[in-house]
Structure formats: structure tokens, C-alpha cells
There are 2 protein chains.
Amino acid sequence: MDSHAAHIHYGHMHEPQDINTDAPPTLADVAAAAGVSTATVSRCLNNPELVTEKTLERVLAAVDHLGYSPNFSARALASRRTNMIGAIIPTMDNAIFARGLQAFQEELQKNGCTLLVASSSYKQDLEEEQIKALTARGADALLLIGYHRDPGIYAFLEKRRIPVLVAWAYDPAKPYLCVGFRNRDAMKRLAEKVLEAGHRKLGCITAETAANDRARERVDGIRDAMAAADLAPDTLEIVETTYSIESGDQAFRQLMQDTDTPTAIMCGNDVLAVGALRAAADMGLRVPEDVSITGFDNIELASVSPQPLTTVHVPHRRMGQYAAQALMKVLSGGDVPASLELPADLCMRATLAPPRKP
Amino acid sequence: MDSHAAHIHYGHMHEPQDINTDAPPTLADVAAAAGVSTATVSRCLNNPELVTEKTLERVLAAVDHLGYSPNFSARALASRRTNMIGAIIPTMDNAIFARGLQAFQEELQKNGCTLLVASSSYKQDLEEEQIKALTARGADALLLIGYHRDPGIYAFLEKRRIPVLVAWAYDPAKPYLCVGFRNRDAMKRLAEKVLEAGHRKLGCITAETAANDRARERVDGIRDAMAAADLAPDTLEIVETTYSIESGDQAFRQLMQDTDTPTAIMCGNDVLAVGALRAAADMGLRVPEDVSITGFDNIELASVSPQPLTTVHVPHRRMGQYAAQALMKVLSGGDVPASLELPADLCMRATLAPPRKP
DNA sequence: TTGTAAGCGTTATCAC
DNA sequence: GTGATAACGCTTACAA
């Protein structure tokens with residue numbers, strides 16, 4: 001049926017040539033095959049409602065017949081939109097981020113958007129570089145973790161009109177769209193439980209707080225609880241380290257070598273806590289009889305570790321999902337989505353108990 | 001110094017307008033500012049060696065001054081290269097893939113390439129869709145997991161001239177570039193250990209084998225070892241399920257409810273094994289005294305679970321790294337990299353022991 | 001409803 | 001070494 005149109009060629013084609021050249025078919029090829037203009041083909045693909053049933057049909061047949069698939073670079077260049085959304089996370093080595101990202105990606109995929117990934121290794125300058133890189137690559141929007149970054153970078157993003165969503169934190173005072181929970185409050189609630197259990201000498205293993213607002217807020221949360229319980233916040237014994245089981249292990253040993261050692265160690269995340277757990281076992285300390293240990297995140301590790309870990313549940317899937325939905329909503333130009341606070345519930349399990357009576 | 005050139009405008013600019021419009025600066029803007037042609041600016045950016053020291057300097061100053069950053073869509077359209085590499089993995093929910101992907105991405109990032117991610121949820125049709133999607137998006141090359149897929153899709157990729165690397169498997173007989181290990185052989189070696197320990201009745205918990213060659217090969221590996229030990233391979237009790245702790249738990253219960261239950265359960269991965277471990281504990285079965293359990297992957301979960309898991313180490317980081325290097329080497333047009341076989345060593349830990357004497 | 005044609009911002013092939 | 005200028009494949013006013 002389209003055979004009589006198949007031999008139509010546009011003037012811009014250099015030479016008459018076989019229909020089946022090795023280069024992928026273009027819009028023009030489809031247009032020629034269907035006997036319509038490229039504009040019409042484009043409409044069929046992007047706004048089918050603007051086109052007659054009959055032409056639509058014919059064009060779609062041609063598309064199908066030629067195995068046409070649009071060139072996204074060209075589309076992006078012309079429409080100034082890539083349908084790619086970037087995510088810059090500290091690392092996929094931690095399940096909490098990997099799984100959050102998985103949820104984010106699933107949601108994007110459902111809506112025909114593609115995920116562009118970069119990682120910052122918890123380094124501020126690296127993150128900045130990645131933000132520049134992904135926006136240069138044409139990311140329509142960005143998912144970022146936490147608030148802390150140079151104001152200049154926010155200005156840059158704003159000037160470029162790149163929508164940004166901050167995940168893993170929630171602070172209505174901040175002017176950015178976000179989905180997450182109050183890190184400080186969550187940790188404070190957990191610390192309250194620790195104090196209620198009777199602990200008076202606390203230790204803390206945390207990631208570097210300099211460029212990591214989540215880590216900082218969590219430590220502050222512990223101090224808040226201490227202050228509220230009339231305990232001097234500066235008696236909190238803190239070890240800053242990197243996020244890994246091994247680091248948690250070593251940090252724990254460091255905390256426990258002092259005289260007047262803490263009776264409860266609160267860790268910035270589950271990975272550190274599992275490391276602490278391992279060190280404790282290795283040192284012959286029973287948990288929670290000899291020392292209490294808490295985590296943060298509630299990853300699988302936490303529930304299958306030798307002693308089920310007392311921790312805080314971080315709603316990673318819901319954050320990832322909502323982040324994707326919100327960002328795509330912003331891009332669609334509809335009403336601006338609201339920031340969303342999610343609960344971060346305590347998981348009271350086996351590693352927290354009252355301290356031994358001295 | 002470039003001020004006298006700053007007022008030069010190209011004819012194609014519609015109207016005289018402020019230098020500082022809201023749109024990001026383009027090559028033409030830089031060219032105008034530096035008093036050279038766009039071609040020269042392009043050269044400065046891509047082939048600096050073709051340009052005078054002096055002009056290079058002037059152009060770079062203009063770039064810097066205007067805060068220019070190239071438009072990748074346009075670049076991609078003109079150069080037919082996106083510098084984006086796609087990866088389609090089953091899921092980031094499993095740490096083994098998340099961490100492999102992290103290594104892959106780090107390596108890409110080092111070389112200025114960006115990672116495009118999609119996930120298949122272990123579904124063949126979904127994977128096919130994602131392959132089409134990422135190539136349509138302009139991925140220069142693709143990382144795929146395992147060999148099993150429709151021949152048509154390989155043909156498609158070849159026709160499109162998209163380099164592909166298969167990871168997580170190694171089979172020199174296959175005509176594709178790959179990095180990985182021999183799943184069948186690795187599991188066979190582990191099964192040999194199980195048989196050497198004296199087990200005669202084996203069970204197996206695996207992912208669906210229909211569209212998952214790694215899973216299938218691992219099961220075959222067990223059968224190989226059984227056959228070599230004069231045990232009828234069809235006595236292997238198999239439960240197919242999805243990959244999750246909960247599934248492993250349930251599959252274990254299912255295997256242990258029969259009469260003549262297996263004395264050793266070999267699991268397709270660590271997640272399933274940890275589920276089995278949990279079920280065993282819940283059923284009051286001691287591991288390895290009452291039943292032996294093995295895993296595959298050697299993720300962190302395996303070493304911190306209540307009983308350190310006997311498993312097979314999967315070299316995820318090295319696979320991810322090599323995959324990135326190999327793919328970028330192919331793209332650079334240099335000599336074609338070779339496929340690489342990596343060792344998958346056994347991790348003999350606590351969950352395998354001889355069966356109780358009947 | 002459909003066609004025409006002007007971009008979109010680069011790269012790349014030529015001349016000079 | 002540098003500059004015109006034609007692609008690259010698509011979207012989108014504007015016309016018809």
C-alpha cells in the first residue's frame with residue numbers, strides 16, 4: 001500500500017541509493033516511505049491527536065516497516081529536553097543508596113525517562129564536578145542526597161533552570177524540593193531510648209561530618225537527647241571514620257580502649273554498627289549485656305546480623321519513588337509537587353539493653 | 001583583552017542582544033568573544049594540538065569568561081557519539097550487582113564517560129526493551145549480564161554496531177566479548193566439597209532458570225559434581241524461586257518438609273542462603289550440624305550472618321572495572337580487548353560440615 | 001490536517 | 001593554522 005510512495009526521495013538526499021543502507025533510518029526516510037512530510041511523522045510520534053487516523057496508520061506502518069527508532073540526540077537538541085534524569089549519590093556500595101536508586105530508576109523507567117548515574121564518594125568537590133557533568137550531559141533534572149553543598153552550585157542549577165530534588169533529608173525551612181525524614185530528630189528519638197535504658201556514657205561512630213549533613217544531624221540528634229536528659233553533650237565520645245564494616249570495627253575498638261568506656265555506642269549507619277558488632281564479638285564483649293550498639297538505615301544486614309540490630313528504618317524505596325514522581329511532575333510543567341516528609345521509625349531489636357550495674 | 005571582540009555578532013543571531021542572555025553560551029558566543037570561528041573553538045576543545053598556542057589561550061579565556069560548557073546533545077548529533085555507556089542489570093537490590101555497577105561507573109567516570117542505567121528484574125522481555133531503549137538513547141556501548149538472550153537482539157546490536165560486553169559469565173566458545181567466571185565450574189567445585197564432606201542427598205534453591213543462564217549453569221554444576229561422584233543427578237531436589245531472603249526462607253522449609261530430606265542445601269546466591277539460614281534457625285535446626293547450607297556471591301551479608309556462610313566469591317569489582325576499560329577501549333577504536341576469565345574462589349566457612357551419621 | 005523551512009549547537013570537510 | 005559551510009536528525013512556528 002505504501003509501495004507507490006516508497007520511491008519518493010527528498011531533495012536533500014545526496015544520491016539515489018538503496019533503501020536498505022546500513023545507517024539507521026531517519027525521520028526523512030519514514031516520511032518518504034509514507035509519502036508525508038517529516039513534520040507529520042514527528043507529529044504522529046509525539047502528538048498523534050493532531051493527525052488523521054488514516055495518515056497515522058500509514059506512518060506507523062512505515063515506521064514499523066523500516067524499523068525506525070528516533071535519534072534522541074537530535075530530538076534533545078531540537079526540543080531542548082533529554083528525558084534523562086541524573087542522580088548523584090555517595091556510593092552504590094551501600095545497599096541503602098543502591099536500593100533507593102533502584103526504586104528511583106524503576107519509577108523513571110515506567111515513564112520513559114532514563115537514569116544517568118554518578119557517584120560522589122561522599123566528597124563535596126567530586127559531587128560538584130558530577131553535578132556539572134550531568135547537567136552538561138543534558139540531564140533534565142537532578143536527584144541529590146542531602147542539603148549540604150556550596151551555595152554557588154545551587155545558584156548554578158537555578159540559573160540553568162535545572163529542577164533539583166534533595167532526598168534523604170527533610171527540612172521545610174530550606175527552599176528546595178525534598179523528600180526524606182528529619183535525621184536529627186530520628187537519631188534523637190533513638191538516643192532517647194538509649195538514655196531511657198539507663199545509659200549515661202555514650203559513644204558515637206560516625207562518618208565524616210564536614211561535608212555530610214545527614215551524619216552531622218544525626219550526631220546533633222544524640223546531643224539533643226543528652227541535653228534534654230541533663231547530660232553534658234560534650235561527654236559524647238565521637239569517632240569519625242569512613243563507612244565500612246572494617247572502619248566500624250576499628251572505631252569500636254578505639255572507643256573501648258579508653259578508661260571509662262561508653263556503655264552504649266550509637267553508629268551513624270548499619271554498616272558501621274555491624275563492624276562494631278563484629279569487633280565486640282572478637283573482643284569477647286557480649287552485646288547487649290556488656291555494651292549496647294545501635295545502627296541507622298535498617299538494611300538487610302541489620303536484621304540478619306548475629307544479633308538483630310536496633311536501628312532506625314530509612315524509607316529508601318519510598319524516597320526513590322517519590323523523588324522520581326516529583327521530578328517528572330516538575331518537568332511536565334504541571335503544578336509543583338510538595339516536599340514530603342516520611343517517617344523514620346525506630347526498630348527496637350536485640351542490641352540495646354540497660355547497662356550492667358557497675 | 002577580548003573586549004574589542006566581544007561585540008562581534010554572527011549573522012545568524014536574530015537580533016542584537018545583551019551578552020548576558022539567560023540561555024547558556026554557545027560555541028558561537030565563544031567564537032565571537034575570542035574573535036575566531038566556531039571551527040577553531042571546536043578544535044581548541046577537541047584537538048588542541050591543531051591550534052596555535054596563542055589562539056588556544058585566547059579561546060580558553062573566552063570559554064572561561066563566558067562559563068561555556070558544550071551542549072552534549074549537539075555534540076552527539078554531530079559526532080555520532082554520546083560518551084554514554086549503558087548498563088542493564090537485573091537489579092540494584094542485590095549488593096552484588098550494585099557494587100559491580102559502582103566499580104563500573106567509577107571507571108567510566110575516570111574517563112569522562114557517563115553511565116546510563118536500566119534494570120531488567122531478571123525478565124527477558126524487559127531486558128530486551130531496555131536494550132532497545134538505551135541504544136535509542138544513544139548509548140555508545142552496552143554492559144549486559146550473562147549470555148542468554150534472543151539471537152535477534154544480538155543481531156540488532158551488531159547491525160547497529162553497538163559494542164557489547166557480557167559480564168558475570170565466561171565462555172570462550174561464545175563469540176562475545178566478556179569478563180567473568182565459569183558459573184558451572186565454580187558451582188561444581190563447591191558441590192565437590194559438599195560431596196567430599198559426605199553428603200549424598202542434596203537440595204538446591206535457585207532463581208528461575210528459564211531466562212537466567214548463570215542460575216542454570218550453577219545448577220548444572222551441582223549435577224556435574226554428582227555425576228562425577230556416581231550420584232544420580234536427578235536426585236537433586238530443586239526449588240526455583242525469586243531472589244530474596246524471604247524466598248530463601250520459604251524454599252528451605254519446602255525442601256525440609258519432605259521425607260528423606262537433603263542433608264545439604266546449595267543456594268544459587270547468598271541472599272537465598274541467608275534466608276535458608278534464617279528458616280533453619282527458626283525451625284530449630286542447627287547449621288551445619290543438622291543441615292549444611294551454601295551460598296554464592298560472597299557479599300557482606302555472607303560474612304556477618306550468624307554463621308559465616310560457605311560460598312563462592314564473585315569478583316564483582318574486577319568485573320565492573322574491566323568491563324568499563326574493555327568497552328572504552330573498543331570505542332576508542334584501538335586494538336580489541338580480549339575476554340577475561342576471573343577466578344571465582346571458594347570461601348569455605350562455617351555452614352558446611354559432614355552430615356550427621358544416620 | 002498537513003507542509004515548509006528555520007533553527008537546535010556541534011563536528012567535520014573542504015578550501016584558503 | 002584557520003574559516004566557511006554543509007551536515008547531523010529532529011521539533012516547531014508559521015503558512016497553506
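Chain A is the first sequence line, chain B the second, and so forth, proteins listed ahead of strands; every chain is numbered from 1.
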With sequence neighbours left out, what residues match [X] under ring pair (Phe, Tyr, Trp, His ring centres under 6.0 Å)?
X        : answer
B:Phe156 : none
B:Tyr147 : none
A:Phe97  : A:Trp168

Rounded to whole angstroms, how far apart are [atom1] on [X] and [atom2] on [N]?
X       : N     : atom1 : atom2 : answer
A:Glu53 : C:dT2 : CD    : C1'   : 16 Å
A:Leu50 : C:dT2 : CG    : P     : 10 Å
A:Arg81 : C:dG9 : CZ    : P     : 17 Å
B:Glu49 : D:dT2 : CD    : C1'   : 15 Å

Atom pairs under 3.5 Å: protein N/O with N/O of nucleotides 9-11 of chain D:
from, atom 1, to, atom 2, distance (Å)
D:dG9, OP1, B:Arg80, NH2, 2.7
D:dG9, N2, A:Ala74, O, 3.4
D:dC10, OP1, A:Tyr68, OH, 2.3
D:dC10, OP1, A:Asn71, N, 3.2
D:dC10, OP2, A:Leu27, N, 2.3
D:dT11, OP1, A:Asn46, ND2, 3.0
D:dT11, OP1, A:Arg75, NE, 2.8
D:dT11, OP2, A:Ser42, OG, 2.8
D:dT11, OP2, A:Asn46, ND2, 3.4

**Report entry** Any B:Thr40 side-chain N or O less than 4.0 Å from OP1/OP2 of D:dG3
**Finding:** yes
Report summary line: Hits for salt bridge (Lys or Arg N to Asp or Glu O under 4.0 Å) against B:Arg317, two or more places apart or cross-chain, chain-then-number order -> A:Asp93, B:Glu106
Query - Summary of salt bridge (Lys or Arg N to Asp or Glu O under 4.0 Å) pairs that have at least one residue in residues 318-330 of chain B, sequence neighbours excluded - result: none
Requested in this report: Taking all non-hydrogen atoms of both residues into account, name the closest pair between B:Ala324 and B:Leu108 and its distance.
Outcome: CB-CD2, 3.8 Å
Report summary line: Contacts satisfying ring pair (Phe, Tyr, Trp, His ring centres under 6.0 Å) that involve residues 105-132 of chain A (not counting sequence neighbours) are A:Tyr122-A:Tyr243
Report summary line: Bend of the helix from C:dT1-D:dA16 to C:dC16-D:dG1 from end-axis comparison, five pairs per end, nearest 10°, comes to 30°
Under 3.5 Å, side-chain donor or acceptor atoms of residues 45-53 of chain B against the rest of the protein: list the pairs with distances, not counting sequence neighbours.
from, atom 1, to, atom 2, distance (Å)
B:Asn46, ND2, B:Ser42, O, 3.2
B:Asn46, ND2, B:Ser42, OG, 3.4

